[in-house]
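Worksheet for the structure shown next.
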Amino acid sequence: MDKVVIGLRSMTGRPTPKPWINAIHAYVPGKATASDGRPLVKLSANENPLGTSPAALTALEQARGAAADYPDPDSKSLRAKIAEVHGLDPERIVCGTGSDELLNLAAQGFAGIGDEVLFSRFSFSVYDIAARRCGASPIEAPDREFTTCVDALIAAVTESTRVVFLANPNNPTGTWIPGDEVARLHSGLPADVLLVIDEAYGEYLAPEEQSAAFALAAAHENVLVTRTFSKIYGLAAERIGWATGAPELIDTLNRIRGPFNVTASGQRAALAALGDQDFVAASREHNERERRRFAEALAALGNHGLRAVPSEANFLLVLFEGDVSAVAARDALANTGYAVRHLPGQGLPQALRITIGRSDDMTRVIATLRELCGETA
Ligand SMILES: *Cc1c(COP(=O)(O)O)cnc(C)c1O
């Protein structure tokens, strides 16, 4: 590092960030405007194209005007409702300012300087930030065809490994490993390594696949599962996430979280959203239908080098391996009014992550890509 320190004082004469903080590349959020400032339909941040449950919107309206009082510091009613919906113990649940806060707290609570935080290549960019924030070293294990490789993760464990992050389904690839593979990963880890299973897209899975990670967290002392209201519940603006795990894990996160980390409006909206499972089911069905239609349209462009990575989430990672480049596709989509995610900083310069949008938008996205490939619409 370039900072010279003599005794306890820095020669720069100004506050000096810790070197591990300086090494962080700040999170790059999905764009909503073209390079010329035009607003675009946002297919770049995996938000719910159907919006938010009407019940949650009503709860938000009712929360207006009650802004002077602090929220419930323990999100008690919300935790009770989460427990009821998922068959969990409310004492084994903690809520956070988005699941982002909880992922950071999991790293901070169990890893620090000299420790390693392990995750798969091409997984959620927050894991690298969460590791560095607490001075730990982020370690990437190789993937297998853009999918988490359990054997590679287990092989990358060292004496210094303290936390393993698994995004399942994964972002930005959309790939998913089944419950028995997650269990195999868990049984390959030392008992003092914390496995954090990030299920931000868990509600997009078939219902019978949704509870395997909860069962693992209920049975073991070193498994934490995180969920969010930002994706299928359509409440990203309110910043609400939650985690479940052994009481000792929840206790650790409770010690270091913000005391009033979930807003009063967020607690009310999330509570109401949990009560509207019809909206969740409709969102899942819309996503599955449109994702399949998009994947089929991309398969028909395979002779032009376009290829979609198999996805269980609300987006597709599209690889451009022929004459049409990802940058050309990104620009063509921006011209027709769509913002998508190009991730060269994550080692994916030849790919775009495209959120599954409304039906009419997906029709236009498909037409734009077909035209770019020289196929008549
Ligand atoms: C979107 C996302 C989250 C959720 O972040 P919030 O802070 O809850 O909005 C967490 N993990 C992954 C992998 C995501 O893609």
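Below, all heavy atoms of this structure are taken into account, side chains as well, without hydrogens, waters or symmetry copies. First listed ligand is number 1; within each ligand, the first listed atom is number 1.
Nearest protein heavy-atom neighbour of atom 4 (C) of ligand 1: Ser99 OG, 3.2 Å.
The contact set between ligand 1 and Thr228, taken as ligand atoms under 4.0 Å from a residue heavy atom, comprises 6 (P), 8 (O), 9 (O). The contact set between ligand 1 and Asn171, taken as ligand atoms under 4.0 Å from a residue heavy atom, comprises 13 (C), 14 (C), 15 (O). Applying the 4.0 Å criterion to heavy atoms of Arg239 picks out, from ligand 1, the atoms 6 (P), 7 (O), 9 (O). Near Ser230, meaning under 4.0 Å from one of its heavy atoms, ligand 1 places the atoms 6 (P), 8 (O), 9 (O).
If you look at Asp198 next to ligand 1, the close heavy atoms, those under 4.0 Å, all belong to the side chain. Only the side chain of Ala200 comes within contact range of ligand 1, with a heavy atom under 4.0 Å; no backbone atom does. Contacts with ligand 1 closer than 4.0 Å are made by no heavy atom of Glu101, backbone or side chain. Under 4.0 angstrom from ligand 1, the non-hydrogen atoms of Tyr201 all belong to its side chain.
Between Leu235 atom CG and Leu60 atom CG the span is 6.5 Å, to the nearest 0.5 Å. Annotation: the span from Phe122 atom CZ to Arg353 atom CZ amounts to 14.5 Å, rounded to 0.5 Å.
Outside the 6.0 Å centre-distance limit, the rings of Tyr233 and Trp242 are not counted as a close aromatic pair.
Counting heavy atoms from C-beta outward, Val164 and Phe119 have side chains that stay 4.5 Å or more apart.
Salt-bridge annotation for Glu181 and Arg184: present, with a side-chain N of the basic residue lying under 4.0 Å from a carboxylate O of the acidic one. For Asp251 and Arg255, the salt-bridge test passes: some basic side-chain N is under 4.0 Å from an acidic carboxylate O.
Residue contacts with ligand 1: Lys231 is placed with a nitrogen or oxygen under 3.5 Å of a nitrogen or oxygen of the ligand (distance criterion only).
A perpendicular orientation is assigned to the rings of Phe124 and Tyr27, their planes being inclined by more than 60° (bins at 30° and 60°).
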